[in-house]
Each structure stands twice: as structure tokens, then as C-alpha cells.
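To start, the structure itself, in C-alpha cells.
No experiment lies behind these values; they were computed from the predicted model shown.
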Amino acid sequence: MVLTMRNNPVYDSIAMVVVLLMAVGTVFVFSASANIGQEIDLQRFYEYASLRQILFFPLACIVMYFFSCINYHKLSLDKGWLRNPTSYLLIISIVLLAVVLSQRFYPVLPRLIPPINQHYRWLRIPLGPMAISFQPSELAKWAVIFFVAAACDKFGDEIKLFWKRFVPICAVVGLVAGLIIIEDFGTAAFITLLAFLMLIIAGVKLWHILPPLPFAGFAFYAAIASSETRKRRLLAFLHPDQWTDTINYQPHQSLIALGSGGLWGKGLGRGICKYDHLPEDTTDFIFAIIGEELGFVGNAAIILLFIVLVAMGILVIIRCKDRFGQLLASGIVLAIAIQAALNIGVVTVVLPTKGIPLPFVSAGGTSMLLSAAAVGVLLNIAKQSAGKDNLQCELPES
């Protein structure tokens, strides 16, 4: 049973920070979508990123609240593999990934899985006059986090058994990453990194982690060497002053947007890089638009919000006395923190260009809803952990 709290500052802080980030994202997606002379047809509102984001923002708040009211222990494997939603979430993710990947080799579903930028990553579901598109890899990311946390909790100290426990978990993660890596190398590497960090937190032996590293390194090298686009991106990152009109155009424009904003920015809605100068300005490079319009102060405020969110998440992990809750909260906090750091690193050209959105801020309804659901689970962990602490404090007085 979920214990309700009269005063839970950690819970409140996480909820307020996430809502504020989504609100800022909605405002700047609307600003970045601005187009001089554009006339919006409200009968086709779903085709406009700005209007979609306005629709998904309150929906994400509802989803976050809904999952904060569901006992997170229902995601554990205490009742077995077949009576747990985590298992079915993982299976659904694998099936959807396989269906999307099959389109590259057997293009039989062109309407449901259209090629976008020469990649098959999106599943398009028609719903009457509109269609909902989402990336199964985004669902798979959270499915892997929930699965690794549940499996490590169920196995307990047996997680230190190499062949019996460690290898099967790695095989599942490898299967998911293998279905993603052909179309989206960055997301596959991100999911693999998250899984290994969670395994380390769960207490696997260090020498269990070391043997797969050479294979992971070889796979990393092979994935880059087999793709001309990846090789050119890495080469462009090493030579940022070259090819500014081709492969380095996007990071070059991102730096122009950040630099032109100065300390205080040009003012909300007054940026010019969004007018066909900076590609992917509503998604991967929304942080640059914020920097242009609100300046260094605006970018620093966004970074500060993520720092507060991560700090509150760490407090939840420390206060939680339940192993499954600790592992699950660790995975959620790691996913948000690393993804935010990668996105900001790409926008500031500290890292090579890679299509990773800024959590809660970038345009993308499915990503926002899934991230909000994950934060809802984190809020439930915070709620129950605080409830148990207060209950223990009140017992001597009764």
C-alpha cells in the first residue's frame, strides 16, 4: 500500500522541476517552430510540432501523476516472470524493434514504417485523419532499465554468478541493442552503457564487466567503420573549422546561436537561427535556441534544473531502503542525467553530433510521455521511502 505524506519536499521538488522543464520546452518548441508568413490550419493541428507539444504537455503531467500513484513494487519480479508488466514491456519492445528493423530488409510496410533520413526508426500508427509516430527504441530504453533493475533484485547476490545470472542479463541487453544498432548506433550504445552502470550498482564482480569490454570496443569500432556517415561525423568533430557548409554545418550554426545570445539573449521569440539556419532546432538543438533567445543565463538555468533533478533523484536513492527501489531509481536518474549531458555536449560541440533529444524539453510527444511515466515511478519511490521514514519516527510516540 502506498503511504501518503503530508510533507515530502523531495517529491515536490522533482515534480516541480520536471513540470517546469516541460513548460520551458513547450514554450521554446513553439518559438523554434515560428515561421514568418506561416498560416496554421487547426484542422491539421497534429502536423505542427508546436501544437503537438502544447497538447502533450498537460497529458504528460497527467501520466506522471498517474504513475506516481501506482506502487512501484508491481514492476518487480516477486510474483514471477509471467505475472509482471516489466516482462511484457520488454517483449513488446523487442517485437516492435524487430518489426521496424525488418523493413530495411523486407520493405512490406512502407506506410507504417516510412524511411526518415534514410533510416527506419519510426513506427507510424494512423488514427483517422492523423497519425502517431514513435520510436520503439525509446520504449526499449525504459524497458531495459526496468528489466535490469527487476532481474538484479530478484537474483540478489546470485548476480555475481557469471554464467548463470550475469550472462543471461547481458544477452537480453545485447539482443535489444543489436536490434537498434543498425539504424541507431547512438541509442544502442546509450542503452548498453545504462545497463552496465546498473549492473555495477547492483554489485556484479568487476572481472565480470571487464571481459565484454574488448568485444564492445570492437563492435563500437566496426559500427563506425561500416558507416560513412559516422566516420565523417567523427572526422568533422576532430576538425571543427572545416566543412562548415556540409557535415559541420549543424554544429557550426549551433555555436553561432549560442554565441549570438550573449549573456541575456535576444529575447523570447527574437532568435533568427530558427529560420532555416539551424536544422533540428525543435528537437536535438533546442538548447541552442534557448541560448540564443535567453542567453547564457537561460542555458545556465536549464542546466541548474537538471542538476537539481539529479540531486533530488540521488536523495531518493539514498533514502530508499528497498533494493529494487534503489536500482530502479538509479536507472531512471542515470538515464535522464546522461541523456541531458550528451545533448548539451552535442549542442556545445563538446561531443560529436548525435541525434539525442534533451529530456522533457525537446519536441517529441512519445519521448515526453515515456519520460514522464518514468519520473512518475521515481516519484512513487520517493513517496514510499519518505512514508516509511516518517512511520518509523512516529512509532515511539504512539
Side-chain angles (χ1 to χ4, degrees), residues 32 100-101 104-105 115-122 135 137-138 141 174 176-197 212-261 273-292 299 303 337-359 361-364 367:
V100 170
L101 181 60
R104 173 164 291 277
F105 306 101
I116 300 177
N117 297 329
Q118 300 179 344
H119 291 287
Y120 296 95
R121 300 175 182 173
W122 296 84
Q135 289 182 289
S137 59
E138 185 69 20
K141 175 184 71 178
V176 174
L179 292 172
I180 298 174
I181 196 170
I182 295 177
E183 299 295 334
D184 192 347
F185 171 76
T187 301
F190 179 54
I191 290 175
T192 305
L193 174 63
L194 280 175
F196 272 95
L197 290 176
L213 290 183
F215 297 98
F218 176 76
F220 181 82
Y221 172 79
I224 293 178
S226 62
S227 172
E228 287 297 326
T229 301
R230 292 168 189 156
K231 287 192 291 186
R232 282 190 283 115
R233 280 183 176 179
L234 185 59
L235 193 62
F237 172 71
L238 298 175
H239 302 85
D241 295 331
Q242 301 181 22
W243 311 298
T244 55
D245 57 341
T246 54
I247 190 66
N248 259 336
Y249 176 78
Q250 202 170 13
H252 182 66
Q253 291 296 320
S254 176
L255 290 180
I256 291 176
L258 291 171
S260 63
C273 287
K274 59 191 177 185
Y275 296 118
D276 295 331
H277 295 292
L278 179 60
E280 307 297 336
D281 51 5
T282 62
T283 53
D284 304 336
F285 285 83
I286 191 69
F287 189 74
I289 301 299
I290 296 174
E292 183 186 16
N299 284 153
I303 294 174
I338 295 175
Q339 188 171 333
L342 290 175
N343 177 273
I344 295 173
V346 167
V347 172
T348 55
V349 198
V350 175
L351 298 173
T353 303
K354 179 66 193 81
I356 295 181
L358 187 61
V361 181
S362 294
S367 176

Of all heavy-atom pairs linking Ile256 and Cys273, the shortest is CG2-SG, 4.3 Å

If you compare all heavy atoms of Val349 against all heavy atoms of Pro251, which two are closest, and at what distance to 0.1 Å? CG2-O, 3.7 Å

Only one of Leu258, Leu358, Val346 forms a side chain to side chain contact (heavy atoms under 4.5 Å, CB included) with Phe285, so which one is it? Val346

Look at the side chain of Ser254 and the backbone N and O of Gln250, then say whether any donor-acceptor pair between them is shorter than 3.5 Å. no

Looking only at heavy atoms, which two atoms of Asp281 and Ala32 are closest? And how far apart? OD2-O, 3.5 Å

Between Glu183 and Val100, does a side-chain contact (heavy atoms from CB on, under 4.5 Å) hold up when you go through it step by step? CA-CA 9 Å; Glu183 299 295 334; Val100 170; 5.7 Å; no

Value rounded to 0.5 Å, distance of CD in Gln242 from CG in Asn248: 8.5 Å

Show your working on side-chain contact (heavy atoms from CB on, under 4.5 Å) between Lys141 and Thr187 and close with a plain yes or no. CA-CA 8 Å; Lys141 175 184 71 178; Thr187 301; 5.6 Å; no

I'd like to check Asn299 versus Thr348 (side-chain heavy atoms, cut-off strictly below 4.5 Å). Are they in contact? no

Quick check for you: to the nearest 0.5 Å, what is the distance between Glu138 atom CD and Ile191 atom CD1? 8.5 Å

Val361 and Phe287: side-chain contact (heavy atoms from CB on, under 4.5 Å), yes or no, with the steps? CA-CA 8 Å; Val361 181; Phe287 189 74; over 6 Å; no

Nearest-0.5 Å distance, CG of residue Leu278 to CG of residue Leu255: 10.0 Å

Any side-chain heavy atom of Thr353 within less than 4.5 Å of one from Phe237? no

Would you check if Lys354 and Leu342 make a side-chain contact, meaning some heavy-atom pair closer than 4.5 Å? no

Can you measure from NZ (Lys274) to CD1 (Ile286) and round to the nearest 0.5 angstrom? 9.5 Å

CD1-CG distance between Ile181 and Leu101, expressed to the nearest 0.5 angstrom: 11.5 Å

Measure the spacing between CZ of Arg121 and CZ of Arg104 and express it to the nearest 0.5 Å. 9.5 Å

N/O donor-acceptor pair under 3.5 Å between Asn343 side chain and Asp284 backbone: yes

If you define the side chain from C-beta out and look only at heavy atoms, does anything of Pro357 sit under 4.5 Å from Thr283? no

